[in-house]
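Quick note: numbers below take in every heavy atom, side chains included, and nothing from hydrogens, waters or symmetry partners.
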Amino acid sequence: MAKVRSLTENEVLKLKATALYVLNKCGKLDYFHLFKIIYFADKEHYAKYGRRIIHDTFCALENGPVPSLLYDAVKNIRANKRDTSKEIISD
């Protein structure tokens, strides 16, 4: 089984900055469209400059390519939102 390398702090910051840049330019997007835009931008950047914008591994899913670590982060955030909305606040 292949070992998945974790991102460095700088790579995480670059991934966040890239996602925020795309959201700022495009407005409200669902996360699959965000992932596709990042995928194609990363592909074009690699073809032109020989290096990638982000250092995440893209995986092919039914709805298109997704950066695996960013997708995991989105899933964790969504799960945490569901968990906290179900909590009962007691006095």
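A distance of 9.5 Å separates CG in L70 from OG1 in T18, rounded to the nearest 0.5 Å. One finds the CG atom of D56 at 4.0 Å from the CG atom of L69 (value rounded to the nearest 0.5 Å).
Side-chain contact between F35 and N63 is absent, with no heavy atoms from C-beta onward closer than 4.5 Å.
Criterion: ILVMFWY side-chain heavy atoms under 4.5 Å apart, direct or through other members. Under it, V22 and F40 are part of a common hydrophobic cluster. If you chain together hydrophobic residues whose side chains sit under 4.5 Å apart, I38 and L61 fall into the same group.
Sorted by first then second residue, the salt bridge (Lys or Arg N to Asp or Glu O under 4.0 Å) pairs that include residues 33-48, not counting sequence neighbours, are D42-R52.
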N/O donor-acceptor pairs under 3.5 Å from side chains in residues 23-34, not counting sequence neighbours:
residue	atom	partner	partner atom	Å
D30	OD1	F32	N	3.1
D30	OD1	H33	N	2.8
D30	OD1	H33	ND1	2.9
D30	OD2	H33	ND1	2.8
Y31	OH	R78	NH1	2.7

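Applying the salt bridge (charged side-chain N to carboxylate O under 4.0 Å, His left out) criterion to K75, with sequence neighbours excluded, gives D72.
Among all heavy-atom pairs drawn from I54 and P67, the shortest one is CD1-CB, 4.3 Å.
Of the possible polar contacts, none joining the S68 side chain to the F58 backbone as a donor-acceptor pair under 3.5 Å is found.
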